[in-house]
Structures are given as C-alpha cells and as structure tokens.
Amino acid sequence: MADEPLVLGIETSCDETGVGIVRGTTLLANAVASSVDDHARFGGVVPEIASRAHLEAMVPTIERALKEAGVTARDLDGVAVTAGPGLAGALLVGVSAAKAYAYALGKPLYGVNHLASHICVDQLEHGPLPEPTMALLVSGGHSSLLLAPDITSDVRPMGATIDDAAGEAFDKIARVLNLGFPGGPVIDRLAKEGDPAAIAFPRGLTGPRDPAYDFSFSGLKTAVARWVEARRNAGEDVPVRDVAASFQEAVVDVLTRKAVRACKDQGVDHLMIGGGVAANSRLRALAQERCERAGIRLRVPRPGLCTDNGAMVAALGAEMVARNRPASDLGLSADSSLPVTDPHVPGDHSHAHDHDHDHLHELSKENLYS
C-alpha cells in the first residue's frame, strides 16, 4: 500500500469546497465545506457567492484533510483538481489553489473531468472499476449515460439530458411545492409517505421513436407544475406527498429503464450510478430491483461519495498517476464546458524546467515549509 500514489484532490465545480486524499484506491480523508445555506434564500446556486465561499474555505479545508489523513503536503505524489465542467468562477478558485500547491511542492498537477471523477470514486468503496464500466451520472447539472473502457483516457457518451437534468427538476418541483432548496433530499423524504402511483405523470423520451439513451425532464416538470397549479386554482388542497412520490417515480423510472437497456445493448454486466441524485433512496431501490432482474451487478457509492467531493477527484488523480498519464501544465485553465470525452487535461511540458521556473520553485518551497 505504501508504494501506491498519495494524491490530494480539490473539487470546486459548484457550491461545495471538497478536498480529498487517497492512497491508491484507499480513502484517507474527505473534507467538505458547503455553502448551500448561503444560496438557499435565492432558491438556487449564485455563482459569485459560491466563488467567494471557495476562496474562504480552501486553505482551512486542505489543512483539515491533511490532518485527517495523517500526512503532510510534502508526502503527496500529486495534486488533482476539477478543471471542468462546472461554474467558471468556482472552478478557477480550485484550479488556482491546485496550481499553487503543485508548484510550491514540486509535484505533478492533474486537471481532471468532474464527470469522470464521479465514476472513479466508486473505486474507493467497491474496488477497481470493471473495464468497460457503464455509468449513469445524475446530478444537478448532468444526467448522462457513459461507457468508460478506460476511466483515465476513454470515456464515451451514450446519452445525456437534452434539457433539465434530473437534479434541476427536483429543485424546480420543490420550488413549486414550496419545499425550499435543495429539493432532492426533501422530495425523497416526503415521497416515502406518498403514493408513487397516485398521479400519472409523463415519462419523457420513452416512445419507440425517441432516442434510446437521452433524457428529458422539462416536460415532466411542466406537467407537475400545471397539475399543482390547477388544484390550487380550484381551491383544492395539494397532496404534496403524493405529488412528490409520483414525480420522483417518473424520474427514476426513466433513468433506470434507460440505464439497464444500455447495459443490455452494450453487453455490459454491471452498472455504476453516481452524482448527487444517486443519493436518492428510490433511485437506488428501483435500480437494484431492475438490475437483479436483468442479471446486472449494481455499484453505487455511499451517499457521501455521490455528492460533489474532493475524494472523487483524488481517486481519478491517483489512477492517472498509477497509469502514468501525462500531468497537466501549470498553465492549466478551468473549462466550464470540458467535454466528458476528456477525462483529464494533459499538458505540454517542453518548458517545465527552465531556469526561472526552478528559481521560483525554490522560493515557493521556502515559503510553504517556513
């Protein structure tokens, strides 16, 4: 274990400052500082507030992770950071911090993809990923079906949302029902007390001529909002628990149906589910039920590893080191629309060891260790 790469990962794509430390596929620390409460009164994430919160939380969260892992910054073999996709300003904070640490420590820097990281985090709980891996990623910004023959270099999009991602739909319906922000956890909780068959909400893109693996939740969101509005206009009570359960069932029905179909079509005998919405209890239960029926093995990380975190970034960074993937340049920039087909951002190292770089590197080391 001691010869496995020790990597620090930084995640700042949205409203959580995540710092994780892993050795190989072993999780040593997973520190998170969330700014979700700062956004709640606005009913959604405010990019400027998120960026400022990352700035304030970055150094304390890194120090907390190092202490939790029982290692020093000098022990690290590399620094990984989410380079995209995500909110541009938020990403920049993480990328800048990662570059500073990598530069000062003289360690390789790995700019990695947020979506590929969500897949790779499962290694920390269930061991090395099968190759290829079929992954269903569901979060506030993404609903994607991905096939990954090699998580460090070959990730192929099978399908994606063409409008609202599943997590966005949860937040919007929570707003319609006056349940606050974020919407996912509260809808999950209320749905357990409701009837998922009470209201026949539509299943988007499930017709015979629709794309096999793409998702659409905009029509469902509109149907739920209109149903609720009609009840209110008629002066009738809105059965919030039944609406929550019926809406949630419509979302997870489509997600799991398409994911199982993709596994069967591609001849893959397992499915990994990741992203914040993977913490949803009904999604987990229905996926388990349908996978067992289809002879597919389901892998879902525990809820704390499904939401955005630094551990997932560190996990992918450690895999990059283990497979000798090229590190990123110190000129690495954030890319808010980094495609999932780019699991990481390799750099051009032709100027990495000029005299000025070495001189500045020694100065920064002195400052870091003083």
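When reading the values below, keep in mind they use all heavy atoms of this one structure, side chains included, and skip hydrogens, waters and symmetry mates.
- Applying the side-chain contact (heavy atoms from CB on, under 4.5 Å) criterion to Arg297, with sequence neighbours excluded, gives Pro130, His270, Arg299.
- Although no hydrogens or angles enter the test, the distance criterion places no donor-acceptor pair under 3.5 Å between the side chain of Asp214 and the main chain of Gly159.
- Heavy-atom minimum distance, Pro60 versus Ala57: CD-O, 3.3 Å.
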Scan the side chains in residues 139-147 for donor-acceptor partners under 3.5 Å anywhere in the protein, sequence neighbours excluded, and list what turns up.
{"unit_1": "Ser139", "atom_1": "OG", "unit_2": "Gly141", "atom_2": "N", "d": "3.4"}
{"unit_1": "Ser139", "atom_1": "OG", "unit_2": "His142", "atom_2": "N", "d": "3.2"}
{"unit_1": "Ser143", "atom_1": "OG", "unit_2": "Ala166", "atom_2": "N", "d": "2.8"}

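- For Arg203, the CZ atom counts as densely surrounded, since its 6.0 Å shell holds more than 12 non-hydrogen atoms of other residues, nucleotides or ligands.
- Remark: Arg23 does not engage Glu4 in a salt bridge, criterion side-chain N to carboxylate O under 4.0 Å.
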Tell me, with the steps shown, if Phe181 and Val45 meet side chain to side chain contact (heavy atoms under 4.5 Å, CB included).
CA-CA 9 Å; Phe181 174 85; Val45 176; 4.1 Å; yes
Ignoring hydrogens and angles, write down the donor-acceptor pairs under 3.5 Å from the side chains of residues 82-97, residues two or more places apart or on other chains.
{"unit_1": "Thr82", "atom_1": "OG1", "unit_2": "Glu11", "atom_2": "OE1", "d": "2.5"}
{"unit_1": "Ser96", "atom_1": "OG", "unit_2": "Leu92", "atom_2": "O", "d": "2.8"}

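- Listed by first and then second residue, the side-chain hydrogen bond (donor to acceptor under 3.5 Å, both in side chains) pairs that reach into residues 174-191 are Asp188-Ser281, sequence neighbours excluded.
- Taken to the nearest 0.5 Å, the CD1 atom of Ile151 stands 6.0 Å off from the SG atom of Cys120.
- Evaluated for a side-chain contact (heavy atoms from CB on, under 4.5 Å) with Glu292, the options Arg290, Glu289, Gln288 yield exactly one hit, Gln288.
- Residue Leu205 is found in a hydrophobic cluster whose other members, listed by chain and number, are Ile162; membership requires side-chain heavy atoms under 4.5 Å apart, directly or through intermediates.
- With contacts defined as side-chain heavy-atom distances shorter than 4.5 Å, the pair Arg232/Val238 qualifies.
- Looking only at distances, no side-chain donor or acceptor of Asp242 sits under 3.5 Å from a matching main-chain atom of Ala198.
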Tell me, with the steps shown, if Tyr103 and Tyr101 meet side chain to side chain contact (heavy atoms under 4.5 Å, CB included).
CA-CA 5 Å; Tyr103 188 67; Tyr101 276 88; over 6 Å; no
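- More than 12 heavy-atom neighbours from other residues, nucleotides or ligands sit within 6.0 angstrom of CG on Asn233.
- For Cys306, the side-chain contact (heavy atoms from CB on, under 4.5 Å) partners are Ala278, Arg284, Val300, Pro301, not counting sequence neighbours.
- Counting only N and O atoms by type, the side chains of His54 and Asp15 include no donor and acceptor under 3.5 Å apart.
- The aromatic rings of His118 and His114 sit perpendicular to each other, their planes meeting at more than 60°, with 30° as the lower class boundary.
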